[in-house]
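Counting starts at 1 for both ligands and their atoms, following the listed order. Nothing fancy with the numbering, it's 1 onward along the sequence.
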Amino acid sequence: MATHRLPPFSRPTRTPTGRPITALICAVAVGAAAACAPSQGAVAPSPAAAAPASAGVGQSTGTLGAPGIGDPDFPGDGNGGYDVRHYDLRLSYDPSSRKLAGSATIEAKAVQDLTSFDLDLHGLTVSRVSVDGAAASFSRSKDELVIEPARRIRNGDGFAVTVDYSGVPEPMHDSANLGRYGFIATPDGAFVTCEPNGAKTWFPSNDHPADKATYDFQITVPEGLTAIANGEMAGTPRTAAGKTTFVWREKHPMASYLATMTTGKFQVRTGTSEKGLPIYAAVADSFRGSLDTLFTQTGKITDYWSTVFGPYPFSSTGGVIDDYAAGYALENQTKPIYGGFSPEPAIIAHELAHQWFGDSLSIGRWRDLWLNEGFATYAEWLWAEHTGQYTADSAFRRYYENAADPMWTYPPGAARADDLFSAAVYNRGAMTLHALRREIGDQKFFPLIRAWADAHRHGNVTTQEFVALAERVSGKDLKGLFDAWLFQPKRPAPVT
Ligand code: TRP
Ligand code: ZN
């Protein structure tokens with residue numbers, strides 16, 4: 001087999017911590033398939049894989065909805081007592097004053113009797129709240145908007161709450177060593193990337209991925225600017241009195257951190273992929289030279305992933321390059337965004353793999369983040385394998401060789417709130433999948449990944465569910481493998 005060495009490349013992408021994610025320099029072994037190999041013996045199953053958070057299940061106190069959804073590591077995030085079905089967001093943004101004005105209608109279903117409940121909202125001024133058309137009283141406490149409807153909401157009932165608000169959005173800062181995220185103003189608009197809990201910087205929400213919902217967006221900006229949200233445009237933008245309104249609809253359930261209202265001067269190209277999937281690509285003027293490449297690669301890579309992971313989960317694919325130099329990318333549903341750089345294919349492959357793993361299948365609590373980042377990083381290796389750059393096995397070995405890598409002390413199966421987007425979650429997470437692939441073989445591994453994507457399409461997932469499915473599909477006891485790779489603070493025994 002031909003083996004040659006590629007020059008080093010480094011991704012401009014970094015996590016919001018500012019830490020660059022430097023990709024591997026890998027020896028290429030074209031056509032080499034990963035060998036099947038046994039891993040180390042059984043270890044007691046990890047308690048860290050139990051107890052999923054689920055929508056609306058915070059600790060409830062009588063008829064007061066809980067101020068958190070029950071994520072042990074992010075206790076204030078999301079809320080309890082109800083389950084959001086749909087967000088209808090009417091938003092108007094003026095880049096010169098940086099002022100956002102919004103009216104958000106949230107359709108939800110109560111999962112307990114409610115005399116009061118919370119939404120998450122960071123800053124901004126609320127002028128009016130109504131529940132089912134009747135004015136409701138409200139108060140603010142940190143990032144909680146506490147709402148008392150005029151009438152008690154009964155367990156099981158649907159209700160609609162409308163919040164009118166305005167102000168200059170403030171992004172989140174470093175709350176968990178994450179840098180700046182959320183609604184970030186730019187000279188001509190805004191760069192909106194909200195993982196993990198920055199949706200509340202621009203709309204009142206149950207801001208936690210355990211409560212997914214569908215979205216309608218109606219976004220008004222000064223004429224000449226483009227407003228980009230998730231899903232597809234419903235109709236042609238309408239202009240009146242110097243302002244243009246864009247209507248977007250995401251009809252598939254979406255986690256709040258994947259919602260965006262990125263605005264500014266953009267060059268747009270639309271069309272379809274070879275397999276017929278609609279594509280929407282947009283780049284800030286200064287990246288106009290990258291529009292066609294973004295469009296073409298996005299279509300090609302989305303089509304390829306659909307042959308590996310199963311049917312694409314949404315109604316369109318796309319990508320946005322903004323000129324805000326974040327240096328990172330985010331997998332915003334249907335339209336990943338790249339912050340101030342032209343992404344190389346590996347990064348597009350990463351963000352588009354997230355459309356299956358993260359966006360369609362969403363985690364129910366943040367400590368399971370490896371189910372997003374480990375899979376998306378492994379997808380980069382699969383892309384390299386597909387395009388003949390290097391094999392997943394060579395990437396795995398390269399990382400494994402470095403016994404001093406700090407990822408060995410960070411078990412990726414329990415991502416830490418104070419260092420959520422650690423390289424361990426990405427790289428050791430990807431290594432976990434490769435160790436699994438070698439243990440069960442390609443004939444079981446790829447069907448497993450497709451079965452995983454299919455079984456939980458548009459839902460929430462836990463590590464425990466993945467382990468159970470892997471054992472079912474392979475017919476093997478894999479608790480020892482997963483425990484060593486995900487839950488032990490040391491380098492697992494070599495995979496031979
Ligand atoms: N999920 C992103 C990725 O791996 C990284 C990320 C985490 C991020 N938090 C963010 C990007 C906030 C932008 C904003 O591709
Ligand atoms: Zn990622």
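Within ligand 1, counting atoms from 1 as listed, the ones closer than 4.0 Å to a heavy atom of E373 are 1 (N), 2 (C), 3 (C), 4 (O). Within ligand 1, counting atoms from 1 as listed, the ones closer than 4.0 Å to a heavy atom of E331 are 1 (N), 2 (C), 3 (C), 15 (O). Those atoms of ligand 1 that come under 4.0 Å of a heavy atom in Y426, given as number and element, are 2 (C), 3 (C), 4 (O), 5 (C). In the vicinity of L330, heavy-atom distances shorter than 4.0 Å reach the ligand 1 atoms 1 (N), 2 (C), 8 (C), 11 (C), 13 (C). With ligand atoms numbered from 1 in the order given, ligand 1 contributes 3 (C), 15 (O) to contacts under 4.0 Å with heavy atoms of E351.
In this pair, W485 and F396 present their aromatic rings tilted. The plane angle is within the 30 to 60° band.
Y390 and W381 have their aromatic ring centers separated by at least 6.0 angstrom.
Partners of Y400 according to the ring-ring contact (aromatic ring centres under 6.0 Å, His included) rule, which considers only residues two or more places apart in sequence or in another chain, are W408. Partners of F266 by ring-ring contact (aromatic ring centres under 6.0 Å, His included), not counting sequence neighbours: none found. Partners of H354 under the ring-ring contact (aromatic ring centres under 6.0 Å, His included) rule, at least two apart in sequence or in another chain, are H350.
In this structure, Y257 does not count as a contact residue of ligand 1, since none of its heavy atoms falls inside 4.0 Å of the ligand.
Close N/O approach between T193 and ligand 1 is not found [any backbone or side-chain N/O within under 3.5 Å]. Considering backbone and side-chain N/O of Y181, none are found under 3.5 Å from N/O of ligand 1. For A329, a nitrogen or oxygen atom sits less than 3.5 Å from a nitrogen or oxygen atom of ligand 1, counting backbone and side chain alike.
Ion pair R397/D393 flagged as a salt bridge, since at least one NZ, NE, NH1 or NH2 atom sits closer than 4.0 Å to an Asp/Glu carboxylate oxygen. Comment: E385 engages R437 in a salt bridge, judged by a side-chain N to carboxylate O separation of less than 4.0 angstrom. Between R365 and D73 there is no salt bridge, since no side-chain N of the basic residue sits under 4.0 Å from a carboxylate O of the acidic one. Ion pairing between a basic and an acidic side chain is recognised when a charged N comes within 4.0 Å of a carboxylate O; D303 and K275 show no such pairing.
With respect to W248, the ring-ring contact (aromatic ring centres under 6.0 Å, His included) criterion is satisfied by exactly one of Y280, Y87, Y215, F217: Y280.
The backbone N or O of V192 sits less than 3.5 Å from a side-chain atom of T260, completing a donor-acceptor pair.
The number of protein N, O or S atoms lying under 2.8 Å from the Zn ion (ligand 2) is 3.
The option with the heavy atom closest to atom 1 (N) of ligand 1, from among H350, E195, H354, is E195.
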